[in-house]
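Quick note: numbers below take in every heavy atom, side chains included, and nothing from hydrogens, waters or symmetry partners. The model shown is predicted, which means the values in this text are computed figures rather than measured ones. Proteins get letters first, then strands, A, B, ... in listed order; numbering begins at 1 in each.
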Number of protein chains: 2
Amino acid sequence: MSPSNPPAAAPSPLSLERQICYAMHTTVRAFDGVYRELLAEHGLSYPQYIALMTIGEHGPVTVGRLGELMRLDSGTLSPLLKRMEGARLVGRARDPEDERRVVVSLTAGGRERLDSLGDVPHRVAERSGLSRQQLVDLHRTLRQITESLDSPA
Amino acid sequence: MSPSNPPAAAPSPLSLERQICYAMHTTVRAFDGVYRELLAEHGLSYPQYIALMTIGEHGPVTVGRLGELMRLDSGTLSPLLKRMEGARLVGRARDPEDERRVVVSLTAGGRERLDSLGDVPHRVAERSGLSRQQLVDLHRTLRQITESLDSPA
DNA sequence: GGCAATTAAGTTGTGCGCAATTTGATAGTA
DNA sequence: TACTATCAAATTGCGCACAACTTAATTGCC
């Protein structure tokens with residue numbers, strides 16, 4: 001111990017806002033870690049899983065539309081989708097009606113992989129130790145944050 | 001539109017767990033974006049800010065201890081701290097009592113920078129649109145998730 | 001003392017994420 | 001038609017994050 005150390009419990013209370021900032025940072029990492037673990041055996045990263053899920057739900061989508069849904073730009077999605085194409089999970093094709101656009105769709109293998117992952121979110125939720133009500137509240141809170149942070153400049 | 005497309009609104013309700021997974025992914029990104037914006041003028045990234053805050057609160061700490069507090073390993077912290085050292089925000093020194101350890105501490109400039117950032121968390125919380133009670137609840141939920149995900153293998 | 005096992009930090013390789021730029025296609029207009 | 005502006009995706013560069021490995025110091029045991 002250094003001689004000038006404070007007793008033990010930090011006296012500074014730190015504002016709630018500061019604690020939230022800190023908790024958000026660390027908790028999300030723990031959350032991601034569980035997904036990483038559960039998805040590893042399926043050969044998927046967490047972002048790849050979200051992409052698979054989003055394409056599966058919304059059907060064939062352009063890269064731009066997928067970016068809106070996932071809140072990611074082409075700089076992130078292009079290489080990610082290229083890897084998923086390499087893994088035979090999705091197909092990419094230029095839109096004949098507008099050659100600027102690239103339409104992404106699930107392959108049969110991608111659909112199969114997605115179906116086999118159906119219980120992963122449930123297992124994560126279980127491990128989180130949250131009650132049903134807490135999950136509902138958390139979901140509403142997260143949506144509220146996104147909306148609020150989105151709208152004003 | 002492909003011929004076999006479902007009408008429009010996806011009939012699959014998607015489980016709450018799935019929605020939470022998705023919301024966590026997108027919301028955290030929005031949250032980070034606001035921090036990025038507010039911290040940019042101070043020349044700090046969000047992880048650098050968290051590190052600065054953590055070192056500031058806990059006093060000089062070893063890299064390992066900082067990793068426990070921030071939930072990051074040396075593979076992330078070593079280059080991050082090296083950049084912060086280059087920016088004259090922190091100092092790094094081998095512990096004379098155990099030369100394996102590296103002790104990280106705030107420089108005068110680092111302390112000053114940290115102090116000048118005091119209202120950033122408050123501004124982020126404001127923008128989030130959450131009530132005081134929601135902030136309290138969110139904080140408790142996040143802590144509960146971390147604890148629960150940490151403990152069992 | 002000598003030496004294997006452990007520990008702390010750093011390094012390497014890969015993927016995610018964003019800002020800024022580039023490439024190529026479409027739209028608009030003289 | 002030709003020229004410009006706009007738009008979609010891809011590319012480049014940098015930082016964060018983690019797994020796996022390396023390096024160097026300490027501990028433990030003989």
Margin query: At a heavy-atom distance below 4.0 Å, what parts of residues 85-95 of chain B sit against DNA chain D?
Written below: none
Next item on the list: Could you state whether B:Val103 and B:Met53 fall into the same hydrophobic cluster, counting links through intermediate Ile, Leu, Val, Met, Phe, Trp or Tyr residues with side-chain heavy atoms under 4.5 angstrom apart?
Entry: no
Margin query: Once side chain to side chain donor-acceptor pair (under 3.5 Å) is applied, do any residues pair with A:Arg123, and if so which ones, sequence neighbours excluded?
Written below: none
Check: Can you name the nearest heavy-atom pair linking A:Gly56 to A:Leu106, along with the distance?
Finding: CA-CD1, 3.7 Å
Item checked: Residue pairs, two or more places apart or on separate chains, that pass side-chain hydrogen bond (donor to acceptor under 3.5 Å, both in side chains) and touch residues 93-103 of chain A -> A:Asp98-A:Arg100
Next item on the list: To the nearest Å, give me how far apart CG (B:Leu77) and C1' (D:dA17) are.
Entry: 10 Å
Check: Below 4.5 Å, heavy atoms only, C-beta onward: do B:His42 and B:Ser116 meet side chain to side chain?
Finding: yes
Check: What integer distance in Å separates A:Leu66:CG from D:dA8:P?
Finding: 15 Å
Note to self: Rounding to an integer number of Å, can you tell me how far B:Met84 CE sits from D:dG15 C1'?
What the structure shows: 13 Å
Check: Would you call A:Glu17-B:Arg132 a salt bridge at under 4.0 Å N-O?
Finding: yes
Next item on the list: Between protein and nucleotides 17-24 of chain C, map the contacts as a letter string: B base, S sugar-phosphate only, - none, heavy atoms under 4.0 Å, written 5' to 3'.
Entry: BBB----B
Note to self: Does A:Ser78 reach a base, just sugar-phosphate, or nothing at all? Heavy atoms under 4.0 Å.
What the structure shows: base
Note to self: With a 4.0 Å limit, can you tell me whether B:Lys82 has a side-chain N or O closer than that to the phosphate oxygens OP1/OP2 of C:dT11?
What the structure shows: yes
Item checked: Separation of D:dA17 P from A:Phe31 CZ (nearest whole Å) -> 17 Å
Note to self: I want to check something: taking the side chain as every heavy atom from C-beta on, are A:Ile20 and B:Leu130 in contact at a cut-off of under 4.5 Å?
What the structure shows: no
Next item on the list: Round to the nearest Å and state the distance from B:Glu99 atom CD to D:dT23 atom C1'.
Entry: 14 Å
Next item on the list: Keeping to residues at least two apart or across chains, list the side-chain hydrogen bond (donor to acceptor under 3.5 Å, both in side chains) pairs with something in residues 20-34 of chain A.
Entry: A:His25-A:Arg29, A:Thr27-B:Thr146
Item checked: Any residue meeting side chain to side chain donor-acceptor pair (under 3.5 Å) with A:Arg143, in chain and number order, not counting sequence neighbours -> none
Checklist line | Length of the line joining B:Gln48:CD and D:dA17:P, which is rounded to integer Å | finding: 10 Å
Note to self: Closest-nucleotide mapping onto DNA chain C: is A:Pro79 or B:Leu81 further toward the 5' terminus? I mean the 5' end.
What the structure shows: B:Leu81
Checklist line | Nearest-angstrom distance from the residue atom CG of A:Asp32 to C1' of C:dG15 | finding: 13 Å
